[in-house]
There are 2 protein chains.
Amino acid sequence: MRDYKQKICYCFDKIKALFSVLNNEELEFLSHHNACIQVKKNEIIYKEGERPTGLICLSEGKVKIYKEGFGGREQIVRLAKPVGFIGYRALFAEENYLASAMALENSVICIIEKDAFFEVLRKNSSLSLQIIKSLATELGFSNSRCVTLTQKHVRGRLAESLLVLVDTYGFEEDGMTISAYLSREDIASLSNMTNSNAIRTLRQFEQEQVVAIEGRKIKILNMAKLERISDLG
Amino acid sequence: MRDYKQKICYCFDKIKALFSVLNNEELEFLSHHNACIQVKKNEIIYKEGERPTGLICLSEGKVKIYKEGFGGREQIVRLAKPVGFIGYRALFAEENYLASAMALENSVICIIEKDAFFEVLRKNSSLSLQIIKSLATELGFSNSRCVTLTQKHVRGRLAESLLVLVDTYGFEEDGMTISAYLSREDIASLSNMTNSNAIRTLRQFEQEQVVAIEGRKIKILNMAKLERISDLG
DNA sequence: TAAAAATTTTGTTTTAAAACATAGTTATAT
DNA sequence: ATATAACTATGTTTTAAAACAAAATTTTTA
């Protein structure tokens, strides 16, 4: 596990949005048990097997949550965006992490101490209900994604992944460039396919004028067609 | 949705075990907002797209939770055993069902009215925490299973499914016969493969003396080897 | 009990995707 | 500025699993 040194925190205000159901006193309390850390691109925030020490909030940046599969083949379970939680599953299940988290770009995270957080959680049932709802929603995503990752073909999976990227990170100002610059490797891990297939299929999409590619920059030219490819499987 | 008629309930005592954190008053309250229903083998309890009306508890029997995939290909998401909840994900996410539930054998379910349950939930933070924990645990399973279903080969997937069956339903008195009699079709849906492959691979396992087959009855002859096949992928 | 339906079984063919190989390109560090 | 490493790209071969087909068996029902 990374060595989390306490630093002066400039970002608690940002993550407040995640705790809209708390009152000022509770917010104040959490802010005193909070540490902020800058993580560099490609830096690992936590690793599979480690023990959670607190509730991690992503304040700025982008993070991938991924699992190591067979023969070192990686699968991206989830992409996190600010402002949002990461690593909460293991915390709530009282387990060690089952996945790892890595910054996709320079990011800022806040860590709220475990005990402090649970103290608030025990008292505030609105917060509990909110967490129950979001865990249940995520479980739904996970189940659905499992079906598509196993049943869709390469084209359908890649198309879906691009849509997931758009859903998660949105577009740049031009309204067509996906606002996330993943490596082909990461696109492959997200789509559950080999590197080669991700590259090849992306190239196909370009030839079909569904996307335009410029290095890691991907522009969606024909959203409707992309959705059709995804839906077709 | 099935027409849930109120019936005299003989089974609330059984499902009480699920609510160990509630006091007698709360239990009493829930028991008055509870209906018990017998469902026959192959009967559908709820379908993808329907709206949850309450918290369903499986009191007796076995139930599969499955999703319809592409080209009607079914994937079993989870197997439920008594005593346990089913259909709670959609209820907590405040969504319609994303999966369907079908009885694998004659079963008894109890349905606790939605509003009554949430009323108790809002007041009892231990119950909330318990639910948070179990949702988080299940999310972990779901993520892990997704990796194995996509990355393991047919043999590994089938071996894992047999282990899941054992984990969930255990053995008969002989200590080797899996205490669940699924169709080959269901074994295939659980292992994310075609019918033919499930049958063929099961036959292979028999030839390798890992299992013994007698119709739907499956005996595990060599657990260690089965685990090895599963771990190898 | 016979007929029909559903399920299980086995063999063959086809195909999608992985594995492999190798070259070109871009980024990083010295 | 040049060397090294990391990433991207593309072609070829191999392989695992799906698709297809058709028979045998079991279960259901009329």
Value in whole Å for how far the [atom2] atom of [N] lies from [atom1] of [X]:
| X | N | atom1 | atom2 | answer |
| --- | --- | --- | --- | --- |
| B:D186 | C:dA6 | CG | P | 16 Å |
| A:N42 | D:dA5 | CG | P | 18 Å |
| A:K41 | C:dA27 | NZ | P | 10 Å |
| B:I187 | C:dT7 | CD1 | P | 14 Å |
| B:L158 | D:dA16 | CG | P | 17 Å |
| B:L182 | C:dT8 | CG | P | 10 Å |
| B:R157 | D:dA16 | CZ | P | 13 Å |
| B:R216 | D:dT25 | CZ | C1' | 13 Å |

Practice prompt. Considering non-hydrogen atoms only, spot the tightest contact between B:K40 and B:N106 and give its length.
Written response: CA-OD1, 3.3 Å
Checking [Y] against [X]: is there a side-chain donor and acceptor pair closer than 3.5 Å?
| X | Y | result |
| --- | --- | --- |
| B:Q75 | A:T150 | yes |
| B:N192 | B:R73 | yes |
| A:D174 | A:T177 | yes |

Discussion item. Using 30° and 60° as the class boundaries, would you call the ring planes of A:Y88 and A:F85 parallel, tilted or perpendicular?
Written reply: perpendicular
Taking 4.0 angstrom as the limit, do [X] and [Y] come out as a salt bridge?
| X | Y | value |
| --- | --- | --- |
| A:R228 | A:D231 | no |
| B:K133 | A:E94 | yes |
| B:E95 | B:R51 | no |

Practice prompt. Kindly say if B:R155 contacts the phosphate of D:dA17, meaning a side-chain N or O under 4.0 Å from OP1 or OP2.
Written response: no
Worksheet entry | DNA chain C contacts made by residues 192-208 of chain B, counting heavy atoms under 4.0 Å | B:S196, B:I199, B:R200, B:R203
Item to complete: Kindly calculate the angle separating the two end axes of the helix from C:dT1-D:dA30 to C:dT30-D:dA1, each obtained from five base pairs, and round it to 10 degrees.
Response: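 Comparing the first five pairs with the last five, the axes sit 50° apart.
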Discussion item. Nearest to the A:V154 side chain among D:dT8, C:dA17, C:dT8, which nucleotide is it?
Written reply: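 Nearest listed nucleotide: C:dA17.
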Practice prompt. Sequence neighbours left out, what pairs pass salt bridge (Lys or Arg N to Asp or Glu O under 4.0 Å) with at least one residue falling in residues 146-166 of chain A?
Written response: A:R145-A:E160, A:K152-A:E160, A:R155-A:E208
